[in-house]
Amino acid sequence: MFNRRTLIGAAFASLALAGAAHAEDWKAQYPELTLAVIPAENASTTTDRYQPLTAYLAKELGVPVKLAVATDYAAVIEAQRAGNAQIAFYGPASYARAVLTGVATEPVAVARHSNGAAGYYSVIYTLANGPYKTIDELKGKKLALVDPNSTSGNNAPRYFLHRDGKDVDTFFGEAIFAGSHDNAVLALAQGTVDAAANSWNSEDDSNLTRMITKGVLKDADGKPMTKEDFRIVFKSDFLPEGPYSVLSSLPEDLKKQITAAFLEMPKKDKAAFDALSDGKDLEFIATSPAEYKPVVDMVKFNDEQRKKSS
C-alpha cells in the first residue's frame, strides 16, 4: 500500500534522480576533456607540474582529462577558440588576448601565493657580477623577452617601461623572444643577452628560484647558480595571477564542477596542488573577468603603440 508520505518520498527521490541525471548529461557531449597550458617553463618540467592536476581533475569530474602543453602562448588561445581545449591555464595577457580576439572563455580560479597575494610582478634581471646595475644602463643592450603574449615576459615590461619614457624596441639594442621564462633566464645565465624579463612573486618564490631548486641553472662555465647571482633592475606594478579558464559554451553544470574541483584541490589532493608551485602556493580562489580589465587595457595599449611604430 502507498500512503501520502510514501508518495511524497517517492516524488522527492524521483526529483533527486532527475537532477543527478541532468548533472551528468554533459558527459555524453564531453566524454573527455583537455587542459591546455602555456609553456612558461620547458616542456618536460611543465608536463611534470601539470600531469598530477589532470589526474586530479579526471578523478573529480569522472571523465579522462588530457594535458596539452602548448608550443607557445598563442596555441592555447587557438585551442580554446577551436573548442579543442575546454580548460586552459593562461597568463593574464594571453587571457586578455583571447578575450580581445573573440574567444568566449571565463576565468574561474587563480592561485594565492605564500605571501598572501593572488598575483605577481614582472622583473628584468641582469647578472649580479655584470656591469648593469640600473635599467638606464641597459640602453642599447640585448634583452631576452619570453613570448609576445606573455605578461611578465613582454606586455608588462613594454607597458611600464613606456610609462617611464622607454620604448622597448628603441631603448634596447635588440629584444628577442626566448620562448619561455626558463629560456630567457638561461640566455642571461649563458651570457647571450645582457638582461632577461621574467615573473617574480617574492624573494623565495619565482621562476628563477624554481629553476635553482631543480638544479637546471648554470653559468657559462657550468657552475650552479643561486638567486644571489642575479640582480633585479626593473619591477612592474602588481599584476593579477594567470587564470584557469573554461569555455563559456560548456554546460553550466560542468563549469560549476570544474570550478569546485579547483577550489577544493588543496584539501582533496595537496600533493598535486603543491606540484604546481613546488609547494609555494596556499590555495585556489575564485576569480572573474573584472579582475583582468587592467590587463586587457594594457594589451590594448601595447597594440596601439605597435601600430603607431609600424
Item to check | Worked verdict on Asn207 versus Asp182 for side-chain hydrogen bond (donor to acceptor under 3.5 Å, both in side chains) | outcome: CA-CA 7 Å; Asn207 194 71; Asp182 281 14; 3.0 Å; yes

Checklist entry - Hey, does the side chain of Asn155 reach the backbone of Pro148 with a donor-acceptor pair shorter than 3.5 angstrom? => result yes

Checklist entry - Would you say Lys256 has more than 12 foreign heavy atoms packed within less than 6.0 Å of its NZ? => result no

Next on the checklist: Any salt bridge linking Lys267 with Glu264? Criterion: basic side-chain nitrogen under 4.0 Å from a carboxylate oxygen.
Outcome noted: no

Next on the checklist: Can a donor-acceptor pair be found, under 3.5 Å and without considering hydrogens, that links the side chain of Ser122 to the backbone of Ser152?
Outcome noted: yes

Checklist entry - Where does the angle between the aromatic ring planes of Tyr244 and Phe262 fall among parallel (under 30°), tilted (30 to 60°) and perpendicular (over 60°)? => result tilted

Checklist entry - Between Leu145 and Ala175, which heavy-atom pair has the shortest distance, and what is it? => result CD1-CB, 4.0 Å

Checklist entry - Going by heavy atoms in the side chains, are Val246 and Thr105 under 4.5 Å from each other? => result no

Item to check | Plane angle bin for Tyr50 and Phe89 - parallel if under 30°, tilted between 30 and 60°, otherwise perpendicular | outcome: tilted

Checklist entry - Judged by atom type as modelled, is there a donor-acceptor pair below 3.5 Å linking the side chain of Asn149 to the main-chain atoms of Ser94? => result no

Checklist entry - Between Asp274 and Lys270, does at least one N-O distance fall below 4.0 Å, as a salt bridge requires? => result yes

Next on the checklist: Looking at Ala187, is its backbone amide N or carbonyl O close enough to the side chain of Thr192 to form a donor-acceptor pair, meaning the two atoms are under 3.5 Å apart?
Outcome noted: yes

Checklist entry - Checking Ser206 side chain against Asn201 main chain: does a donor-acceptor pair fall under 3.5 Å? => result no

Checklist outcome for this item: Scanning both residues in full, the closest heavy-atom pair of Pro107 with Ser245 reads N-OG, 3.3 Å

Checklist entry - So does Lys280 pair up with Asp204, basic N to acidic O under 4.0 Å? => result no

Item to check | Taking every non-hydrogen atom, the tightest pair across Ala93 and Thr151 | outcome: N-OG1, 2.6 Å

Item to check | Contact check, side chains of Leu239 and Phe160, non-hydrogen atoms, under 4.5 Å | outcome: yes

Next on the checklist: Once you measure the plane-to-plane angle for His181 and Tyr73, does it fall in the parallel (<30°), tilted (30-60°) or perpendicular (>60°) bin?
Outcome noted: tilted

Next on the checklist: Under a 4.0 Å threshold between the charged nitrogen and the carboxylate oxygen, would Asp167 count as salt-bridged to Arg158?
Outcome noted: no

Checklist entry - Short question: side chain of Asp219, backbone of Asp221 - any donor-acceptor pair under 3.5 Å? => result yes

Checklist entry - Ignoring hydrogens and geometry, is there a side-chain-to-backbone donor-acceptor pair from Lys133 to Gly130 under 3.5 Å? => result no

Checklist entry - So which heavy atom on Asn84 is nearest to which on Thr34, and how close? => result O-CB, 3.4 Å

Next on the checklist: ring pair (Phe, Tyr, Trp, His ring centres under 6.0 Å), that's the test. Do Phe273 and Phe284 meet it? Break it down for me.
Outcome noted: CA-CA 9 Å; Phe273 176 74; Phe284 279 127; 5.2 Å; yes

Checklist entry - Is there a side-chain contact between Tyr95 and Val295 (heavy atoms, below 4.5 Å)? => result no

Next on the checklist: Does this structure show an ion pair linking Lys166 with Asp136, if we count only N-O contacts that are shorter than 4.0 Å?
Outcome noted: yes

